[in-house]
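Everything on this sheet refers to the single structure shown next.
Chain naming here is simple, since letters A, B, ... match the order of the sequence lines and numbering starts at 1 in each.
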Protein chains: 2
Amino acid sequence: MPAAEDQPAASPARSARRQQTESAILEAALDVFAMHGFRGTTLDQIAERAGMSKPNLLYYFPSKEDVHARLLGDLLDHWLAPLRGIDPGGEPVEEILRYVRRKLAMSHDYPRESRLFAGEIIAGAPRISGFLTDGLRPLVDETVALIQGWIAQGRLAAVDPVQLLFSIWALTQHHADFAAQIEIVAPGDRAGDAGAFLDQMYRRLLTP
Amino acid sequence: MPAAEDQPAASPARSARRQQTESAILEAALDVFAMHGFRGTTLDQIAERAGMSKPNLLYYFPSKEDVHARLLGDLLDHWLAPLRGIDPGGEPVEEILRYVRRKLAMSHDYPRESRLFAGEIIAGAPRISGFLTDGLRPLVDETVALIQGWIAQGRLAAVDPVQLLFSIWALTQHHADFAAQIEIVAPGDRAGDAGAFLDQMYRRLLTP
DNA sequence: GCTGATCCTGACCGATTGGTCAAATCAAGT
DNA sequence: ACTTGATTTGACCAATCGGTCAGGATCAGC
């Protein structure tokens with residue numbers, strides 16, 4: 001058995017060249033999938049944006065579904081991290097504000113991923129219902145219990161924990177998903193404004 | 001000249017039958033466009049859902065673009081109404097809370113329209129940038145000025161008015177656009193919870 | 001500079017796309 | 001019943017879709 005690789009089997013040291021091409025494909029695919037959704041995206045579009053022929057794209061990924069699945073998989077890996085980062089031992093208001101800031105930073109740094117996710121949900125979550133059920137939901141239940149505990153201790157204002165989480169998702173992802181609208185209605189970089197506003201809003205809401 | 005009709009020209013009393021068929025088409029098209037976006041939607045899907053053949057659909061609407069444009073037009077007519085409904089002479093906090101409630105009700109009653117709009121924005125707003133620039137933006141500028149006036153009078157807490165509006169849009173539309181996620185993470189009808197939460201949140205934020 | 005594996009593409013395939021058209025059907029006067 | 005216009009559809013079209021395939025480039029190791 002050869003030395004352990006990140007790929008579990010069959011591939012003896014995946015060439016850097018291959019990884020680079022795969023990245024170029026995924027980069028291009030993210031652009032198009034985030035904009036037009038799965039069904040509205042064509043392989044020709046992705047291939048052209050990636051600067052290669054369609055058969056070559058299919059040499060790296062067996063099908064359109066595979067490209068999309070890979071993007072979603074990579075995305076969902078990172079999606080739960082901020083929620084997991086809430087420290088049950090920390091100061092409640094500050095912990096939630098930290099979560100808000102991390103989520104907002106993710107929307108700011110990865111807007112296409114946010115739009116990809118949004119489009120998937122709008123389409124009825126056909127490809128990620130498993131993730132939502134097995135990955136997100138248990139973590140939400142856990143976090144809701146934690147928040148309820150904080151409220152019971154009087155360390156947090158009495159709010160509906162589920163609605164609190166929904167509101168954080170809505171407010172942070174909005175800046176990525178509706179960027180086109182924001183840019184037209186109020187042009188200019190509003191990232192700082194958004195951060196300050198959310199800080200103010202949740203501090204007022206949550207301070208007991 | 002015949003008696004005035006709702007259609008300004010050429011059509012002498014559009015038959016009720018035609019309007020009924022058009023409605024059936026638009027109803028089916030809204031389902032599909034809201035779910036899959038413009039490019040991801042096919043005329044065959046719409047025709048099948050509307051219970052007719054594709055050529056017959058094209059007898060009522062000259063093209064796929066026309067169906068989509070009609071849906072967007074009808075939607076945008078209603079979209080600005082709640083924002084226009086803010087009364088400059090009213091009590092500031094209550095006026096904004098009323099706007100929040102009306103917007104939430106719209107998302108609750110017309111979730112497909114909300115998703116259609118969201119998908120259009122995510123796709124870069126190619127077909128509604130005119131509406132955003134000519135319809136929404138001036139109204140936003142107006143409302144922002146109104147809110148700034150209220151803040152200057154000390155009748156509203158000092159918040160960024162632009163961010164305030166964005167937050168209202170995000171929080172209300174979220175319940176329609178991300179319904180699939182909400183249903184999985186926290187099943188059951190949460191409409192009442194959402195209303196109460198938003199009321200609490202904005203009251204705390206805006207009360208001077 | 002030969003060889004074998006990897007990488008890449010033009011040409012092509014059947015299915016599906018938005019849209020057309022001629023002909024069939026329907027509804028309503030007369 | 002007959003005519004007229006509005007409605008509906010099967011058959012069809014060129015373009016595009018996801019995907020295949022045979023063969024040409026390109027590269028590393030020798």
| request: Take atom CZ of A:Phe61 and atom P of D:dG18, then tell me their distance rounded to the nearest Å. | output: 16 Å
| request: Give the rounded distance in Å between these two atoms: NE2 of A:His68 and P of D:dG18. | output: 13 Å
| field | Between B:Trp79 and B:Phe117, ring centroids under 6.0 Å | value | yes
| query | More 5' along DNA chain D: A:Thr42 or A:Leu58, using each one's nearest nucleotide? | reply | A:Thr42
| task | May I ask you to check whether B:Tyr99 and B:Thr143 show a side-chain donor-acceptor distance below 3.5 Å? | result | no
| request: Please state how far atom NZ in B:Lys64 lies from atom P in C:dG18, giving the value in whole angstrom units. | output: 4 Å
| query | Does NZ or CZ of B:Arg127 fall inside the cone over B:Phe38's six-membered ring, less than 6.0 Å from its centre and within 45° of the axis? | reply | yes
| Rounding to a whole Å, what distance do you find between B:Asp66:CG and C:dT20:P? | 11 Å
| query | In whole angstroms, how far is the P atom of D:dA14 from the CG atom of B:Leu43? | reply | 19 Å
| query | Could you state the CZ-C1' distance from B:Arg39 to C:dG18, rounded to the nearest angstrom? | reply | 13 Å
| request: Report yes or no: is the cationic atom of B:Arg18 (NZ for Lys, CZ for Arg) under 6.0 Å from the centre of the six-membered ring of B:Tyr59, at an angle within 45° of the ring normal? | output: yes
| query | Are the side chain of B:Glu95 and the backbone of B:Ile86 linked by a donor-acceptor contact shorter than 3.5 Å? | reply | no
| task | Assess the side chains of B:Asp66 and B:Ser63: does a donor N or O sit below 3.5 Å from an acceptor N or O? | result | yes
| said: Using a 4.0 Å heavy-atom cut-off to protein, can you give one letter per nucleotide of nucleotides 6-13 of chain D, 5' to 3': B if the base is in contact, S if only the sugar-phosphate is, - if neither? | reply: SBBBBB--
| said: Please pick, from C:dG18, C:dG19, D:dG18, the nucleotide with the shortest atom-to-atom distance to any side-chain atom of B:Asp44. | reply: C:dG18
